[in-house]
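One structure is given here, and the rest of the page talks about it.
Order of listing sets the numbers, starting from 1, for every ligand and every atom in it.
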Amino acid sequence: MNILAIETSCDDTSAGVIQNGRSILSNVISSQIEIHSKYGGVVPELASRHHLENINFVIAAALKKAHLRMTDIDALAVTQGPGLVGSLLAGIMAAKTLALIYRLPLLPVNHIEGHIYANFIEHQLKPPFLALVISGGHTELIIQRDLAHYRILGRTRDDAVGEAYDKVAKLLDLGYPGGPVIDRLAKQGDPYFVKFPRPYLPGTYDFSFSGLKTAVVNYVSKLPSAVRHPRTKDIVASFQQSVIEVLVNKTIQTAQKLKMKKIVLAGGVAANSALRSLFAAKIEKTGIKLYYPSPILCTDNAAMIGCAAYYRFRKKKLKYHQKMLTFKAEPNLQL
Ligand code: KG4
Ligand code: ZN
């Protein structure tokens, strides 16, 4: 079964073909980083306009790379939400148009579900497991009991973890997106140079990163720039240490408390190298297994959407019907 999937929830225009749920024939990602970086974050109006300009080319490239034509495609999948409404609409309109022309079944997919399913592409993974979804818009601890059954245990009360990375990078003039730059710079820094707070929110499964971000802002504002510049790598390493200690300790404790034997990382921040190492070190003697996708499948991409759709197509054996074209973009879609 060949699924053509489309993902345009934020600032990446992506289309890909996934065969039988796990084999990626193509996964084309057209990034808009250059456009948004001069503003220090995603500008929604610019994002939707560039999706519209690019989407047909990205879909054509995905088919070409897979050596397939539209007539070889069995089904379509597209991100319905959560995300920026204008961005989501660009992908949804393209998917609905193709479904109508080629009479193909079309499944709307939850973006968060897609991030989690990125793990199914590369691993033989079966629920139940505890998922930590960490991206620019999300920080959630989720129990997945079976293929489509989720329970959100906790989430961030303020900033998403990727958002905190992006804001700290912006404060230190490191560019956008901040996560990959801080990941790189922190490798040369001292993670214990500044002891920033560890926001554990004990007794809850929730997270909070805005206080930590403010602590970095306060620390940096007191430093003369001649002192600050040579210490940038130590400051970002210290910020990152605080973030990853909280994420790792809280997730492992939750898994132990709920007797979950598997932890699954998902979303852009799951690409972070220090986070992966700390998880691997702390999980070693617990008997819990750790899963995470390759970095390219952590950040937004269409293959993960195609994978999530495959497991639902398989369950329901869907056929094209006009009613399939009535769903709307849902910027606040819940799991
Ligand atoms: O999943 P994603 O591509 O988009 C959303 O759904 O939000 O995640 C993007 C976020 C950005 O905040 C970016 O700074 C962060 O993921 N990110 C990272 C790394 N790569 C991307 N954060 C930390 N370390 C990384 N290596
Ligand atoms: Zn995402």
Side-chain angles (χ1 to χ4, degrees), residues 5-14 27 29-33 36-37 40-42 44 47 51 78-84 87-88 91 109-119 131-140 142 155-156 159-172 174-187 189 191 207 209-210 212-213 236-237 239-244 246-248 264-279 292-305 307-308 331-333 335:
I6 297 170
E7 150 66 44
T8 61
S9 65
C10 189
D11 61 340
D12 291 303
T13 316
S14 182
N27 190 22
I29 304 166
S30 167
S31 164
Q32 300 180 4
I33 284 178
H36 301 287
S37 59
V42 177
H51 284 310
V78 68
T79 305
Q80 180 182 19
L84 301 169
S87 292
L88 291 165
V109 173
N110 184 304
H111 183 75
I112 302 302
E113 190 172 23
H115 272 305
I116 296 173
Y117 268 85
N119 282 282
L132 174 68
V133 179
I134 36 180
S135 72
H138 293 269
T139 307
E140 276 151 17
I142 298 168
R155 49 164 56 98
T156 180
D159 290 354
V161 62
E163 194 181 348
Y165 268 93
D166 295 339
K167 285 178 176 169
V168 167
K170 190 172 178 182
L171 171 77
L172 297 167
L174 299 175
Y176 171 85
V181 191
I182 291 182
D183 191 349
R184 238 181 0 258
L185 262 183
K187 286 193 174 107
F207 297 96
F209 293 103
S210 82
L212 170 61
K213 177 198 65 195
V236 296
F239 156 76
Q240 176 167 275
Q241 188 62 26
S242 177
V243 169
I244 66 175
V246 171
L247 290 176
V248 170
V264 167
L265 309 183
V269 185
N272 187 272
S273 54
L275 177 80
R276 290 169 175 225
S277 312
L278 190 64
F279 251 118
Y292 47 73
S294 298
I296 191 68
L297 294 176
C298 287
T299 43
D300 292 349
N301 70 90
M304 67 185 196
I305 302 300
C307 177
N332 300 312
L333 187 64
L335 258 185

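Considering only non-hydrogen protein atoms, atom 22 (N) of ligand 1 sits nearest to Gly179 CA, 3.2 Å. Of the protein's non-hydrogen atoms, the one nearest atom 19 (C) of ligand 1 is Gly268 O, 3.6 Å. Nearest protein heavy-atom neighbour of atom 15 (C) of ligand 1: Val269 CG2, 4.0 Å. Nearest protein heavy-atom neighbour of atom 3 (O) of ligand 1: Asp300 N, 3.0 Å.
Under the rule for a side-chain contact (heavy atoms from CB on, under 4.5 Å), Lys170 has no partner lying at least two apart in sequence or in another chain.
Using a distance-only test at 3.5 Å, with no hydrogens or angles considered, a donor-acceptor pair links the side chain of Asp183 to the main chain of Ser273.
The option from Glu163, His111, Glu7, Lys167 that lies nearest to atom 6 (O) of ligand 1, judged by heavy atoms, is His111.
Only the side chain of Asp166 comes within 4.0 Å of ligand 1, counting heavy atoms alone; its backbone N, CA, C and O stay farther away. With a heavy-atom cut-off of 4.0 Å, His115 touches ligand 1 through its side chain alone.
With waters left out, the protein N, O or S atoms under 2.8 Å from the Zn ion (ligand 2) add up to 3.
Among Asn332, Ile112, Leu88, Leu335, the one residue that satisfies the side-chain contact (heavy atoms from CB on, under 4.5 Å) test with Pro82 is Ile112.
Remark: ligand 1 and Pro177 share no N or O pair separated by less than 3.5 Å (distance only, no angle test).
Within the 4.0 Å heavy-atom cutoff, Cys10 does not count among the residues contacting ligand 1.
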